[in-house]
Amino acid sequence: MSDFNNSLNVSASGLKAQATRLRHLSENISNADTPGYRRKTISFRTAFDANRDVEMVETSKVHLDRRDLERIYDPSHPMADEDGYFEGSNVDLMIEIGDAREAQRSYEANLKMFEMARKMSGGLMDLLRK
């Protein structure tokens with residue numbers, strides 16, 4: 001049963017990591033038009049869980065994309081400088097939507113793995129009861 005539990009824990013850590021990634025991608029998409037907003041990124045790393053003797057997935061701290069902000073010409077904008085420009089966000093919607101799709105697929109793969117481990121564990125329990 002320990003291997004089933006380890007499989008469930010690894011899948012759960014993957015689900016959590018992808019959910020965190022999707023949350024930050026959603027924030028980036030919703031703030032694409034917010035002046036001065038910097039894109040948030042996270043990365044994944046492996047973390048060893050000594051209690052369970054298994055490697056899990058963790059997310060890193062949130063990093064802000066330090067690329068230059070887009071300069072937008074709109075003299076009527078309240079944040080425009082004397083030349084009529086203000087700084088928009090550095091979010092590229094095409095990249096965010098592509099990343100969101102990849103995160104969604106990874107989330108679904110982890111969910112499928114979790115369900116398979118749960119079904120196999122349930123099948124084993126049914127066999128042991130007979």
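All values reported here derive from a predicted model rather than from experimental measurement.
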**Report entry** Minimum heavy-atom distance Leu69-Tyr37, with the two atoms named
**Finding:** CD2-O, 3.5 Å
Report task. Sequence neighbours left out, what passes salt bridge (charged side-chain N to carboxylate O under 4.0 Å, His left out) with Asp49? Give chain and number order. Result -> Arg52
Query raised in the report: Residues in side-chain hydrogen bond (donor to acceptor under 3.5 Å, both in side chains) with Thr41, at least two apart?
Result: none
Query raised in the report: Quick one: are Tyr107 and Lys112 in side-chain contact, heavy atoms under 4.5 Å?
Result: no
Query raised in the report: Nearest 0.5 Å, what's the CG-OG distance between Asn110 and Ser13?
Result: 7.5 Å
Query raised in the report: By salt bridge (charged side-chain N to carboxylate O under 4.0 Å, His left out), which residues pair with Arg67, not counting sequence neighbours?
Result: Asp65
Query raised in the report: Residues in ring-ring contact (aromatic ring centres under 6.0 Å, His included) with His77, at least two apart?
Result: Phe86
Query raised in the report: Rounded to the nearest 0.5 Å, how far does CZ of Arg38 lie from CG of Asn28?
Result: 12.5 Å
Report task. Heavy atoms only: give me the nearest Ala80-Pro75 pair and the separation to one decimal. Result -> CB-O, 4.1 Å
Report summary line: salt bridge (charged side-chain N to carboxylate O under 4.0 Å, His left out) filter on Glu58, not counting sequence neighbours, yields Arg45
Requested in this report: Please identify each residue that fulfils side-chain hydrogen bond (donor to acceptor under 3.5 Å, both in side chains) with Asp99, with sequence neighbours left out.
Outcome: Arg39
Query - Nearest-0.5 Å distance, CZ of residue Arg101 to CG of residue Leu25 - result: 13.0 Å
Query - Sequence-distant partners of Arg105, salt bridge (charged side-chain N to carboxylate O under 4.0 Å, His left out), two or more places apart - result: Glu108
Report summary line: Sorted by chain and residue number, the side chain to side chain contact (heavy atoms under 4.5 Å, CB included) partners of Arg23 (sequence neighbours excluded) come out as Thr20, Glu27
Query raised in the report: Got a sec, which hydrophobics cluster with Tyr73, joining ILVMFWY side chains under 4.5 Å apart, including via others?
Result: Tyr85
**Report entry** Single-linkage hydrophobic cluster Met120~Leu8, side-chain heavy atoms < 4.5 angstrom
**Finding:** no
**Report entry** Trace of the side-chain contact (heavy atoms from CB on, under 4.5 Å) decision for Ile72 with Glu87
**Finding:** CA-CA 6 Å; Ile72 301 171; Glu87 292 185 328; over 6 Å; no
Requested in this report: First locate atom CZ of Phe48, then atom CE of Met56, and finally report the distance between them rounded to the nearest 0.5 Å.
Outcome: 11.0 Å
Query raised in the report: Does any N or O in the side chain of Ser121 come within less than 3.5 Å of the main-chain N or O of Ala117, such that one atom is a donor and the other an acceptor?
Result: no
Query - Ala32: partners by side chain to side chain contact (heavy atoms under 4.5 Å, CB included), with sequence neighbours left out - result: Val91, Leu93
What side-chain donor-acceptor pairs closer than 3.5 Å can you find for residues 122-130, not counting sequence neighbours?
unit_1 : atom_1 : unit_2 : atom_2 : d
Asp126 : OD1    : Arg129 : NH1    : 2.9

Report task. Supply the atom-to-atom distance Asn6 CG to Glu55 CD, rounded to the nearest 0.5 angstrom. Result -> 11.5 Å
Report task. Could you tell me whether the side chain of Glu70 reaches within less than 4.5 Å of the side chain of Asn90, counting heavy atoms only? Result -> no
Query raised in the report: If only atom types and distance count, is the side chain of Asp81 paired as donor or acceptor with the main-chain N or O of Gly84 below 3.5 Å?
Result: yes
Report task. Using a cut-off of 6.0 Å, state whether more than 12 heavy atoms not belonging to Asp83 lie near its atom CG. Result -> yes
Query raised in the report: Same cluster for Leu22 and Leu111 if Ile/Leu/Val/Met/Phe/Trp/Tyr side chains link at under 4.5 Å?
Result: no
**Report entry** Distance-only donor-acceptor check, side chains Ser43 and Ser60, under 3.5 Å
**Finding:** yes
Requested in this report: Working to the nearest 0.5 Å, report the span between OG1 of Thr59 and CZ of Arg21.
Outcome: 11.5 Å
**Report entry** Sequence-distant partners of Ser76, side-chain hydrogen bond (donor to acceptor under 3.5 Å, both in side chains), two or more places apart
**Finding:** Asp74
